[in-house]
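Below you'll find the structure, written out as structure tokens, and then a few comments.
Order of listing sets the numbers, starting from 1, for every ligand and every atom in it. Values below: every heavy atom of this structure, side chains too, minus hydrogens, waters and symmetry copies.
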Amino acid sequence: MNDRTSDGDRAAQNWRPATRLIRGGTHRSPHGETSEALFMTSGYVYDSPEAAEARFKGEETGFIYSRYANPTVAMFEERMALLEGAEAGRATASGMAAVNAALLSQVRAGDHVVASRALFGSCLYIVEDLLPRFGVETTLVDGTDLDQWRRAVRPETVAAFIETPSNPMLEIIDIPAVAEIVHSVGARLVVDNVFATPMLQRPLALGADVVVYSATKHIDGQGRALGGIILASEEFCETHLKSFLRHTGPAISPFNAWLMLKGLETLDLRVARHCQNAARVAAFLKGHKGVARVLYAGDPDHPQADLAARQMSAGGTMVAIEVTGGKAGAFAFLDRLGLIDISNNLGDAKSLVTHPATTTHQRLTPEERARLGISDGLVRLSVGLEDAEDLIEDLDQALGG
Ligand SMILES: *Cc1c(COP(=O)(O)O)cnc(C)c1O
């Protein structure tokens with residue numbers, strides 16, 4: 001490995017995001033390959049037993065085992081940290097492994113965690129079911145209501161967890177305001193930034209302490225691989241994540257990290273096109289007679305349009321559509337779609353629709369779904385990279401023209 005010189009590090013700090021996405025973290029091997037090398041190896045060899053001893057003692061730098069670190073994975077981590085403006089990053093095998101590690105690595109029995117209620121199903125499982133099993137109390141709040149945050153935090157609170165925009169109702173949580181409340185009791189704010197992507201919202205700059213991504217979504221962006229990443233201070237990564245990740249083993253495959261590196265090269269272009277398409281699709285749907293309501297974070301009629309405009313640079317890639325006719329209406333609409341696929345994934349080049357009430361949010365009781373606004377007629381659309389006119393034609397015919 002050609003380790004980057006400190007001059008190189010300083011240059012990278014000055015690059016603009018599009019350059020960071022393409023060149024950040026690249027460490028070329030002595031072969032001088034153009035594209036990032038894929039180090040598909042589980043282990044590393046040592047020149048001598050003394051060298052192995054020194055590396056284990058931490059007296060000599062170098063790789064030990066790919067559950068700890070791997071050169072291709074390290075390139076992905078460095079590129080993401082540069083992009084996010086974080087001191088450090090640690091990649092994981094999936095987005096859920098990232099959420100789990102970001103939360104579990106920093107809590108112990110007796111601690112308290114606050115989270116917004118509008119969470120991705122598996123995130124809700126970690127906060128609501130898993131943490132309490134180990135003596136960590138959790139409080140769920142309506143993330144958009146700052147008074148509920150003020151009442152929920154207490155001296156034992158160590159972490160708060162939010163997603164914004166939320167899945168699937170695209171609610172916006174005020175990151176700086178929640179960060180201030182959370183910091184007032186000395187706790188950390190963890191933001192799941194999947195829906196906004198690193199291109200549209202910068203939680204660390206807005207006051208958050210830890211950012212997590214499912215790289216499976218826009219970062220790969222082409223439906224190929226699972227992955228996740230945690231971005232935070234060097235201190236958080238060393239104190240909390242390092243031992244947790246090394247010894248519990250949610251390591252990403254070097255192959256998947258390599259796919260993510262290649263995905264990042266086009267993230268800026270893809271997210272810009274996703275957003276253009278989503279804005280056009282949302283504008284078309286708003287006037288449609290088969291549609292009761294459309295939610296899009298970039299729409300001036302979104303209930304929190306001002307807040308969205310303050311903390312996001314564009315409206316994002318997701319549109320929530322309430323069709324008329326409840327579950328039957330939603331299913332008939334999904335059945336009639338010819339181009340857009342039914343899938344629970346998102347952030348893909350292909351446009352994908354899902355019916356949250358019967359899939360991603362099926363585990364919730366009808367009362368809990370009602371509380372979150374997830375009706376039987378709600379459809380979540382992840383707008384892809386196809387021609388927007390083709391998407392609009394497909395949606396129009398599926399809604400009965
Ligand atoms: C998909 C998703 C996750 C989980 O990521 P995986 O890579 O599927 O494990 C977490 N949070 C949000 C908001 C997601 O959309």
Side-chain angles (χ1 to χ4, degrees), residues 73 76 80 89-104 115-130 143 159-173 175 189-201 203 208 210-231 245 248-253 255-257 259-260 263-264 267 271 274 278 295 297 312 316-320 343-348 350 352-356 359-364 372 374 380-384:
V73 174
F76 172 50
M80 281 298 303
R90 295 287 183 275
T92 55
S94 69
M96 284 322 304
V99 172
N100 189 49
L103 291 174
L104 260 82
S116 59
R117 191 172 281 111
L119 293 183
F120 183 74
S122 301
C123 298
L124 196 61
Y125 167 80
I126 290 176
V127 170
E128 215 183 6
D129 295 14
L130 202 56
F161 181 68
I162 62 170
E163 283 174 35
T164 179
S166 70
N167 174 31
M169 298 308 290
L170 307 178
E171 273 181 5
I172 312 292
I173 298 177
I175 297 175
L189 177 61
V190 182
V191 177
D192 180 335
N193 204 36
V194 165
F195 271 45
T197 83
M199 304 321 301
L200 306 183
Q201 179 169 273
V210 181
V211 179
V212 291
Y213 289 101
S214 165
T216 317
K217 312 295 167 51
H218 306 83
I219 292 173
D220 172 31
Q222 291 151 85
R224 304 169 294 192
L226 294 176
I229 192 155
I230 307 158
L231 298 146
L245 294 175
T248 64
I252 189 172
S253 160
F255 182 68
N256 287 2
L259 286 174
M260 299 309 172
L264 284 174
L267 184 70
V271 169
H274 277 293
L295 286 165
M312 293 172 71
T317 70
M318 306 294 295
V319 179
S343 171
N344 50 282
N345 203 3
L346 63 96
D348 197 288
K350 296 183 171 66
L352 304 172
V353 270
T354 188
H355 184 246
T359 60
T360 53
H361 292 70
Q362 187 206 132
R363 215 171 61 85
L364 303 187
L372 294 173
I374 303 171
R380 186 191 77 189
L381 174 61
S382 168
V383 182

key: atom 14 (C) of ligand 1: nearest protein contact (heavy atom, Å)   = Lys217 NZ, 3.0 Å
message = Looking at Thr164, is its backbone amide N or carbonyl O close enough to the side chain of Glu171 to form a donor-acceptor pair, meaning the two atoms are under 3.5 Å apart?
response = no
message = Students should be able to answer this: which protein heavy-atom is nearest to atom 9 (O) of ligand 1, and at what distance?
response = Met96 N, 2.9 Å
query = So is Gly95 polar-close to ligand 1, meaning N/O to N/O under 3.5 Å?
reply = yes
message = Quick check against the 3.5 Å criterion: does Asn256 have a side-chain atom that pairs as donor or acceptor with the backbone of Gly227?
response = no
query = Just checking, is any N or O donor in the side chain of Asn344 or Arg380 under 3.5 Å from an acceptor N or O on the other one?
reply = no
ask   = Which atoms of ligand 1 are found less than 4.0 Å from any heavy atom of Glu163?
value = 13 (C)
message = Would Asn167 count as a contact residue for ligand 1, given that I'm defining contact as a non-hydrogen atom of the residue lying under 4.0 Å from a ligand atom?
response = no
Donor-acceptor contact below 3.5 Å, side chain Thr317 vs main chain Ser382 = no
key: Any donor-acceptor N or O pair under 3.5 Å, side chains Asn193, Gln201   = yes
inquiry  = Just to confirm my output: which protein heavy-atom neighbour is closest to atom 12 (C) of ligand 1, and how far is it?
reply    = Asp192 OD2, 3.4 Å
